[in-house]
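Below: one structure, written as structure tokens.
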Amino acid sequence: MFPNGFYIHNPGKTTTSYTVNKDVVIRIIDMNDPNIGVGIRNISIENLANLISETEMGNSPFWLSFKNGRVSAIEEQYLP
């Protein structure tokens with residue numbers, strides 16, 4: 001049994017690169033939203049890069065949306 005009820009298995013080690021639109025929309029989960037406790041926050045690509053390199057967010061899964069072959073949105077997947 002897994003400690004939090006789920007397991008993500010990714011046997012692939014392949015890295016894929018994509019082109020990101022200049023106006024990409026990035027949404028992350030904000031566990032400290034002062035209004036509702038947990039919310040969604042839009043951030044810049046620079047802020048995302050900093051969070052991934054400086055925190056455990058680099059282990060979080062993300063959903064990518066594409067428009068005309070380029071990444072148009074990046075959204076963090078909630079993990080319980």
Side-chain angles (χ1 to χ4, degrees):
M1 199 68 173
F2 300 105
N4 50 4
F6 74 98
Y7 173 71
I8 298 173
H9 178 68
N10 183 10
K13 301 293 182 193
T14 304
T15 300
T16 305
S17 297
Y18 298 105
T19 302
V20 177
N21 281 341
K22 290 181 182 179
D23 59 347
V24 64
V25 175
I26 302 171
R27 295 180 187 97
I28 63 165
I29 299 166
D30 185 349
M31 301 300 272
N32 300 308
D33 187 302
N35 299 314
I36 58 174
V38 176
I40 303 295
R41 180 168 46 114
N42 289 355
I43 63 170
S44 70
I45 191 84
E46 295 81 13
N47 285 346
L48 178 62
N50 289 337
L51 286 171
I52 286 174
S53 68
E54 296 172 4
T55 69
E56 292 183 15
M57 184 177 272
N59 296 323
S60 297
F62 289 87
W63 290 93
L64 303 179
S65 298
F66 292 84
K67 184 175 181 180
N68 299 323
R70 295 175 178 237
V71 177
S72 59
I74 301 171
E75 298 179 271
E76 181 181 12
Q77 171 67 50
Y78 172 75
L79 297 177

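These numbers were taken from a predicted model, which means no experiment stands behind them. Along the sequence shown, the residues carry numbers beginning at 1.
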Listed partners of [X] passing side chain to side chain donor-acceptor pair (under 3.5 Å), at least two apart:
| X | answer |
| --- | --- |
| Gln77 | Trp63 |
| Arg70 | none |
| Tyr18 | none |

Between side-chain atoms of residues 8-16 and protein atoms elsewhere (two or more places apart, or another chain), which donor-acceptor pairs fall under 3.5 Å?
unit_1, atom_1, unit_2, atom_2, d
His9, ND1, Tyr7, OH, 3.4
Asn10, OD1, Gly12, N, 3.3

Legend entry - Of all pairs that satisfy salt bridge (charged side-chain N to carboxylate O under 4.0 Å, His left out), the ones with a partner from residues 14-26, not counting sequence neighbours: none
What's the spacing between [X] [atom1] and [Y] [atom2] if we round to 0.5 Å?
| X | Y | atom1 | atom2 | answer |
| --- | --- | --- | --- | --- |
| Leu48 | Asn42 | CG | CG | 12.0 Å |
| Ile29 | Arg41 | CD1 | CZ | 11.5 Å |
| Ile74 | Ile28 | CD1 | CD1 | 11.5 Å |

Legend entry - Heavy-atom donor-acceptor pair, Ser65 side chain to Ser72 backbone, under 3.5 Å: no
Legend entry - Smallest separation among heavy atoms of Arg27 and Ile40, with atom names: CB-CG2, 3.7 Å
Inset, instruction - Assess whether atom CG of Asn68 is packed by more than 12 heavy atoms of other residues, nucleotides or ligands within 6.0 Å. - result: no
Inset, instruction - Only one of Ile26, Val20, Val25, Ile45 passes side-chain contact (heavy atoms from CB on, under 4.5 Å) with Val71; say which it is. - result: Val20
Inset, instruction - Any chance you could lay out the side-chain contact (heavy atoms from CB on, under 4.5 Å) test for Leu51 and Ile43, step after step, and finish with the verdict? - result: CA-CA 10 Å; Leu51 286 171; Ile43 63 170; 3.9 Å; yes
